[in-house]
Amino acid sequence: MKILIATEKPFAPEAVRQMKELVNQAGHELTLLEKYNDKSELINAINNTDAVIIRSDKITGEVLANSRQLKVIVRAGAGYDNVDLSAATDKNIVVMNTPGQNSNAVAELVLGMMVLMARNQYNGTAGTELKGKTIGIHAYGNVGKNVARIAKGFDMNVIAHDPFVSSEIVARDNVKDIEEAVDLYKQAQYVSLHIPANEHTIKSINYDLLKNMPQNAVLINTARKEVIDEEGLMQLMTERPDFKYISDIAPDKKDEFEQKFGNRVFFTPKKMGAQTAEANINAGVAAVNQIINFFEKGDVTFKVN
Ligand code: 3PG
């Protein structure tokens, strides 16, 4: 079978080496399309492959339109909002993700960016410490759990809200479960977002929710930019000079945020959460194994469509 790695933002070289070795050992053929500039390159490569491994690469109906032999798409990562699931299903293509494989990397970035902001982006002035402060984790999945573990190492008070995770599971980690989202925002100086982007969550982090955060609030977004209501956040930050925003994905209104709020915002130039060699190896190798098991045994564990 032909397996394509199509990554506009490439995996670390060691991840690619290990993925290639596994593909070859299983008797399949690997093609690499990295840092492509044009959608047509992706379309051409997809039209010629049985399986594709992607990251945040956009797999739209148009990209899949002429694919005849494609049977499986694996999103090496957690969020699959970049894949048109119904277009894939219509063409009998299985879509999978690799949950949990890059979550520690994202969680480490959350705490790293929190320290950056607490220390005024290392500009030489006196900042603050994380110790003793409260962090609210909005959605307690794989990344949220890792954020809790690391935040406890900083001696932070950790609370979480997730309507899909039981209080018992949250309590097992010695984290306080908060039933209503608004109460999480009321209690936490730091809120870290780990919700997916879908029809229920897009623009759900809005003025009415964020206004509840206490003084010196910091919102950390390593989820998706789409979950933020940018207008509402901008209004709140204008009204509240104490409010800070850190995001691993620059907002659509990046320039305006930076002009208006200067040192109170920080945006990575490209999504960096999963950009570690370890996360790339974990997610990339898992993706290859899932494809091999799909072809050899029809295994569809982690199918999302
Ligand atoms: C994910 O959903 O797994 C993360 O957002 C990482 O995305 P990336 O692979 O594009 O860096």
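Counting starts at 1 for both ligands and their atoms, following the listed order. Nothing here was measured: the structure is a model prediction, and the numbers come from that model.
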Notebook entry, point to check: With Ser56, which of Arg224, Lys9, Arg75 fulfils side chain to side chain donor-acceptor pair (under 3.5 Å)?
Noted result: Arg75
Next item on the list: Looking only at non-hydrogen atoms, find the nearest pair between Asn280 and Ala274 and report the distance.
Entry: ND2-O, 3.1 Å
Checklist line | Worked verdict on Glu8 versus Lys270 for salt bridge (Lys or Arg N to Asp or Glu O under 4.0 Å) | finding: CA-CA 11 Å; Glu8 186 274 323; Lys270 203 160 212 183; 3.2 Å; yes
Margin query: Using a 4.0 Å heavy-atom cut-off, which part of Asn102 comes near ligand 1: side chain, backbone, both, or neither?
Written below: side chain
Next item on the list: Measure across Lys225 and Asn221 and return the closest heavy-atom pair with its distance rounded to 0.1 Å.
Entry: CA-ND2, 3.9 Å
Check: What atoms in ligand 1 come closer than 4.0 Å to a heavy atom of Gly77?
Finding: 3 (O)
Notebook entry, point to check: Hey, is Glu21 close enough to Arg17 for a salt bridge, meaning N to O under 4.0 Å?
Noted result: yes
Checklist line | Protein residue, atom and distance nearest to atom 9 (O) of ligand 1, heavy-atom basis | finding: Arg55 NE, 2.9 Å
Check: Among protein heavy atoms, which lies nearest atom 3 (O) of ligand 1, and at what distance?
Finding: Ala78 N, 2.7 Å
Next item on the list: On the 0 to 90° scale, with breaks at 30° and 60°, tag the Phe257-Phe267 ring pair as parallel, tilted or perpendicular.
Entry: perpendicular
Margin query: For atom 5 (O) of ligand 1, what is the closest protein heavy atom, and at what distance to 0.1 Å?
Written below: Lys271 NZ, 2.7 Å
Notebook entry, point to check: Near Arg224, which atoms of ligand 1 are under 4.0 Å from a heavy atom of that residue?
Noted result: 1 (C), 2 (O), 5 (O)
Check: Which of the atoms in ligand 1, numbered in the order shown and given with their element, are less than 4.0 Å from a heavy-atom of Lys9?
Finding: 8 (P), 10 (O), 11 (O)
Next item on the list: Using a strict cut-off of 4.0 Å, indicate which atoms of ligand 1 neighbour a heavy atom of Ser56.
Entry: 7 (O), 8 (P), 10 (O)
Notebook entry, point to check: Does ligand 1 have any atom that is closer than 4.0 Å to a heavy atom of Met272?
Noted result: no
Notebook entry, point to check: Quick one: which ligand 1 atoms are inside 4.0 Å of a heavy atom on Gly79?
Noted result: 1 (C), 2 (O), 3 (O)
Notebook entry, point to check: Which heavy atom in Gly127 sits nearest to a heavy atom in Asn120, and how many Å separate them?
Noted result: CA-ND2, 3.8 Å
Next item on the list: Please find out if less than 6.0 Å separates the ring center of Tyr185 from that of His138.
Entry: yes
Next item on the list: Could you list the atoms of ligand 1 found under 4.0 angstrom from a heavy atom of Ala274?
Entry: 6 (C), 11 (O)
Next item on the list: Measure Gln275 to ligand 1 on non-hydrogen atoms and call it side chain, backbone, both or neither using the 4.0 Å cut-off.
Entry: neither
